[in-house]
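Lettering of chains follows the sequences in order, A, B, ..., and the numbering in each one begins at 1.
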Amino acid sequence: MELSKNYIPTEVETKWYAHWMAKGYFSSQPDDREPYTVVIPPPNVTGVLHMGHCLNNSIQDILIRRARMMGKNACWVPGTDHASIATEAKVVAMLRERGIAKSSLTRDAFLEYAWEWKEKYGGIILQQLRKLGCSLDWDRTSFTMDPDYYQSVIGVFVELYNKGHIYRGKRMINWDVRAKTALSDEEVIYKEVQSKLYHLRYEVASEAGTEKTYITIATVRPETILGDAAICVHPDDERYKHLHGKFAFVPLINRRIPIIPDEYVAIDFGTGALKVTPAHDINDYQLGQKYQLEIIDTMNDDGTMNQDAQLFVGLDRLEVRKLIVPDLEAAGNLVKIEEYNNQVGFSERTDAMVEPRLSLQWWVSMKDLAAPALTAVMEDEIHFHPAKFKNLYRHWMENIKDWCISRQLWWGHRIPAYYAPDGRFAVATSAEDALVQLNTAENPLTIEQIKQDEDCLDTWFSSWLWPFEVFKGLSQPGNKELDYYYPTNTLVTAPEIIFFWVARMIMAGYEFQGKKPFTDVYFTGIVRDKQGRKMSKSLGNSPDLLGLIDKYGADAVRFGIMISSPAGNDLLFDESALEQGRNFNNKLWNALKLIKMWEARIGGQTEAHDQQEFAINWFENRLNTVRTEVESLMEQFRLSEALKIVYSLVWDDFCSWYLEWIKPGFEQPIDAKLYEKTVGYFEELMQLLHPFMPFITEEIYHLLGEQSEDLCVKQNKSLVKENTAVSAAGELLKQVISALRDARNKNQLKPKESIDLHIQTANQYSYQSIEAILAKQVNAKTIHYTQESVGNSIVVAVEKDKFFIETEKQLDASTLRAELLKDLEHQRGFLEAVTKKLSNERFVQNAKPEIVALEQKKQSDAMARIKTIEESLSNLPG
RNA sequence: GGGAGCAUAGCUCAGCUGGUUUAGAGCAUCUGCCUUACAAGCAGAGGGUCCGCGGUUCGAACCCGUGUGCUCCCA
């Protein structure tokens with residue numbers, strides 16, 4: 001069969017994914033094997049694959065494929081999240097394009113459009129994951145609004161309500177005026193903006209006939225003065241002590257408000273006097289509670305002023321901020337305007353400036369839920385990788401606030417609260433159940449009279465159930481699959497959602513299953529562009545991932561993204577890493593081509609049996625060593641390091657050293673045993689690499705020979721311990737070859753110019769067994785052993801052995817001398833440092849004996865080497 | 001304002017229990033090679049005040065303190 005010049009991934013990838021699917025390798029059923037379970041962080045159903053998903057899912061696939069090859073029953077569950085805000089926004093936008101306003105639709109009609117949209121466009125991302133090679137169990141694809149899942153979410157709400165963990169309360173919340181919904185704290189993004197600090201003076205109420213006095217406050221939000229309920233000053237502030245207990249008048253509307261002292265006020269900020277607007281600021285609200293101030297809500301849910309504002313009714317609050325200033329100035333209340341930078345919250349979804357607003361919302365009380373979840377992580381029942389995220393987690397969990405779970409949206413799980421016309425309400429899984437609770441003898445009700453809450457639950461209130469609900473942990477409690485797969489093994493996710501999602505899943509796991517949801521959490525980094533900026537649509541710096549897969553192949557993309565991303569470190573994405581991946585594919589492909597060329601030339605008499613044995617022993621040992629190292633790195637979730645050492649094993653040890661050592665001369669035969677061994681090693685390399693680069697490894701594995709099974713499910717052999725003597729012999733040979741090549745280069749010997757090599761060594765025997773390899777690698781036509789220096793030659797020293805390169809070419813003695821002197825200087829400096837250390841009595845006394853012995857060996861080696869160099873110098877001509 | 005983390009070669013990062021040659025890798029750079037697997041390649045090389053300062057220790061890139069700079073999270 002003719003193999004193409006370079007590796008071409010496209011067809012290979014399509015072919016093998018289809019084959020794996022046809023064989024059902026990815027689907028899992030409970031059996032006698034140990035399970036290895038991963039649930040995908042469900043991407044938004046509206047999502048398309050981006051770099052973050054690519055990193056995240058490559059990691060999960062590596063873990064899953066490796067587990068599958070280690071005899072575990074690997075189960076990776078796919079699915080999507082209904083993403084209430086994002087999806088509803090998309091549907092509203094689609095309707096707008098069709099000329100339909102959401103407000104003109106009933107809830108049911110809107111939801112029909114939403115489901116239609118979801119069926120048509122949702123879940124594209126799941127198709128895209130196939131292109132990446134992800135070995136997900138597609139039969140288990142879940143959705144957070146599947147009927148069973150939906151019921152479980154409702155059930156959880158009812159259960160938590162009945163346990164007293166859910167309550168309804170009027171609280172200050174973050175209000176998105178564009179989406180007209182409450183936002184959780186996590187959905188608010190704070191940005192620094194340039195604002196103005198307005199100094200406004202309020203007239204102080206005084207007795208008739210006395211002169212008018214004023215108190216000046218500073219605010220960035222002059223439009224909110226219409227809702228002012230008090231002025232607050234620090235009790236120790238001398239400037240205002242005389243005003244404690246007096247009253248002032250709100251400008252323009254002349255409402256009389258008290259002046260109160262409280263330590264909350266910062267004396268040195270602004271004027272030291274603070275206006276208190278309980279309805280529109282969280283801190284003011286708390287002050288209002290403390291002093292029972294009137295709450296004057298001056299805003300509608302769309303951010304316009306309402307009747308209670310008295311002025312500017314119907315105008316947007318940002319417009320009013322501009323309009324009110326000239327009026328204040330005209331009324332003589334404006335003192336001055338300063339430039340001021342402050343942090344302002346914006347909605348993550350709509351980018352609207354968030355309004356703190358009082359609203360009746362549903363809450364989960366977090367304290368009781370958080371306690372076991374904190375302990376689990378701090379006591380390492382759940383392991384975080386890297387562990388540094390434990391600190392962050394603890395800090396958040398210890399300062400946890402109640403969770404606002406209601407959202408003013410239709411797309412999502414509808415809050416199961418039902419209201420009677422008189423305002424009483426009941427929480428129940430159905431209207432019928434609610435009716436039973438609300439119906440009383442004095443107050444008989446029909447089902448038509450009770451109304452369900454219009455709002456939906458926060459998306460995270462469904463996704464926190466994900467690790468068990470994908471196995472129907474609540475809808476079919478205690479079922480066989482749950483028992484087998486749960487707790488899951490590893491969660492792979494971004495640190496950005498440690499609180500949104502990871503922490504809450506841990507709480508839900510303990511609360512609803514009595515068990516942790518997973519054992520290990522691997523935090524990936526955030527994918528950034530070359531300049532370190534987050535990937536975002538607005539910056540246009542997100543590469544087109546599918547385009548990259550087409551260009552470089554999925555294996556190369558996986559390689560490129562994995563090679564430079566240790567756990568928890570951000571990854572600066574650079575296309576050159578993908579190029580490196582593509583080049584690696586090509587390297588593998590060419591190694592395959594070389595070996596396939598030999599296939600036709602097996603047999604015949606071959607020479608240099610010893611050399612082959614040496615190469616075989618050495619590489620086999622190398623392979624065993626690296627397999628052990630990979631095992632250990634993978635257990636520690638150090639994936640990129642594992643990939644690096646496999647890369648180097650393939651490229652350096654296998655291709656650059658081993659294959660060169662055993663390569664027969666042009667059109668020469670190859671020993672049958674050697675060929676067989678080499679193919680075996682190549683297969684093992686493919687097996688080791690398969691989790692990282694599944695497609696090309698499967699392809700090469702099958703091209704290497706007739707196989708009885710697929711690499712995808714081939715089980716790893718047990719590990720073999722490293723033979724350190726064999727490793728050392730190989731390292732020495734490599735060192736000698738490199739040193740001799742370096743010497744050739746420095747003396748401008750062309751690769752084609754052959755040399756005569758003389759070796760001065762006490763271990764002649766060990767060199768004799770590798771003469772042929774050495775000769776081939778340094779282009780030596782003869783190798784001799786000598787007891788003394790060889791004149792007019794290039795001298796190379798490796799450890800205690802000396803090598804003399806004899807050549808017909810005229811040598812440049814001054815270059816050689818310079819090289820030797822440089823080396824001599826380095827060795828002397830080194831010797832000095834070691835000697836100094838050894839002559840320090842306290843070192844010799846206190847350091848561990850093996851450390852001292854090592855230093856002594858360093859010393860004697862350095863001394864021997866210095867002697868060699870000095871001899872060589874005196875041996876130089878001229 | 002509160003908290004966490006980071007600072008090592010031009011770039012991206014390893015360096016885990018303080019001692020394994022005067023610190024390693026990949027990419028980039030430079031030199032020489034189109035050598036019958038591979039120029040998407042081969043063989044070599046150069047490149048470092050381990051952020052500054054102080055301390056602990058026989059010994060510090062590593063531990064402690066402090067300063068500076070950057071990043072992230074929270075308000």
Side-chain angles (χ1 to χ4, degrees), chain A residues 3 5-7 185-186 188 190 266 282-283 343 345 386 388-396 398-399 401 495-496 498-499 525-526 528 530 532 534 552 556 563-566 568-574 576-577 579-598 632-633 636 638 640-641 644-645 647-648 651-652 655-656 659-660 663 665-667 737-746 748-752 777-779 826-827 829-834 836-838 840-848 850-852 854-855 857-859 861-862 865:
Chain A
L3 295 174
K5 183 170 185 305
N6 289 327
Y7 174 63
D185 289 345
E186 288 79 7
V188 178
Y190 289 86
I282 178 73
N283 297 309
Q343 300 281 319
K388 65 179 179 186
F389 287 109
K390 276 169 79 173
N391 281 337
L392 192 68
Y393 179 83
R394 184 183 59 210
H395 188 252
W396 192 75
E398 283 174 352
N399 295 287
K401 299 205 177 92
E496 309 170 279
I498 184 168
F499 308 127
I526 298 164
R528 297 169 179 280
K530 249 171 132 174
K534 266 192 190 180
Y552 295 101
I563 198 73
S564 53
S565 70
N569 266 34
D570 286 1
L571 173 144
L572 271 61
F573 177 75
D574 186 347
S576 73
E579 242 171 80
Q580 197 188 344
R582 181 197 57 187
N583 295 352
F584 186 37
N585 277 327
N586 206 41
K587 188 70 183 177
L588 293 169
W589 190 248
N590 276 291
L592 173 74
K593 273 163 61 184
L594 177 65
I595 290 171
K596 293 309 275 184
M597 249 171 53
W598 297 341
S632 149
L633 289 169
Q636 299 169 67
R638 294 161 70 168
S640 71
E641 280 169 72
K644 269 179 195 165
I645 65 169
Y647 173 79
S648 166
W651 198 305
D652 303 329
C655 292
S656 296
L659 289 181
E660 293 298 333
K663 197 188 218 173
F666 183 53
E667 294 192 340
I737 291 169
S738 290
L740 291 173
R741 281 170 171 174
D742 182 27
R744 288 185 56 118
N745 254 339
K746 291 230 167 83
Q748 280 138 35
L749 286 174
K750 301 270 177 201
K752 278 180 181 158
Q777 294 272 277
V778 302
N779 193 13
H826 177 265
Q827 293 299 329
F830 176 65
L831 179 64
E832 200 184 326
V834 176
K836 195 176 154 196
K837 205 170 189 178
L838 281 168
N840 181 342
E841 269 176 46
R842 291 205 284 176
F843 168 71
V844 181
Q845 275 165 24
N846 292 324
K848 284 182 238 159
E850 59 267 32
I851 300 295
V852 178
L854 190 73
E855 291 297 316
K857 183 179 183 296
K858 282 188 208 167
Q859 189 183 36
D861 284 357
R865 225 181 118 77

*For A:Arg741, report the nucleic acid contact type (base, sugar-phosphate, nothing); a contact means any heavy atom under 4.0 Å.*
sugar-phosphate

*asked:* Given the structure, check if the side chain of A:Lys587 and the base of B:rC38 hold any donor-acceptor pair shorter than 3.5 Å.
replied: yes

*Measure from the side chain of A:Lys858, starting at C-beta and using heavy atoms only, and say which of B:rC38, B:rU20, B:rA43 lies closest.*
B:rU20

*Classify the side chain of A:Glu660 versus the base of B:rA43 as yes if they form a donor-acceptor pair under 3.5 Å and no if they do not.*
no

_In this structure, how many angstroms lie between the P atom of B:rA37 and the CH2 atom of A:Trp598, rounded?_
9 Å

*Take atom CG of A:Leu749 and atom C1' of B:rU35, then tell me their distance rounded to the nearest Å.*
15 Å

*Quick one: A:Lys663 NZ to B:rU36 P, roughly how many Å, whole number?*
9 Å

*asked:* If I take atom CZ in residue A:Phe843 and atom P in nucleotide B:rG18, what distance separates them, rounded to the nearest angstrom?
replied: 16 Å

*Looking across every strand, which nucleic acid part, if any, lies under 4.0 Å from A:Asn840 by heavy atom: base, sugar-phosphate, or nothing?*
sugar-phosphate

*Closest-nucleotide 5' rank along RNA chain B - winner of A:Glu855 and A:Leu594*: A:Glu855

*If we take the P atom in both B:rC16 and B:rC51, what is their distance in whole Å?*
14 Å

*With the side chain of A:Arg638 defined as its heavy atoms from C-beta on, choose the nearest nucleotide among B:rG15, B:rU20, B:rA37.*
B:rG15

_Other residues, nucleotides and ligands only: do more than 12 of their heavy atoms fall within 6.0 Å of CD on A:Gln636?_
yes

*Measure the spacing between OH of A:Tyr7 and CG of A:Asn583 and express it to the nearest 0.5 Å.*
14.0 Å

*Which part of the nucleic acid, if any, lies within reach of A:Gln580 when heavy atoms closer than 4.0 Å are counted: base, sugar-phosphate only, or nothing?*
sugar-phosphate

*In terms of side-chain geometry, is the basic nitrogen of A:Glu855 or A:Lys858 positioned less than 4.0 Å from the acidic oxygen of its partner?*
yes

*asked:* Can you tell me which nucleotide in B:rC42, B:rU21, B:rA43 comes closest to the side chain of A:Trp651?
replied: B:rC42

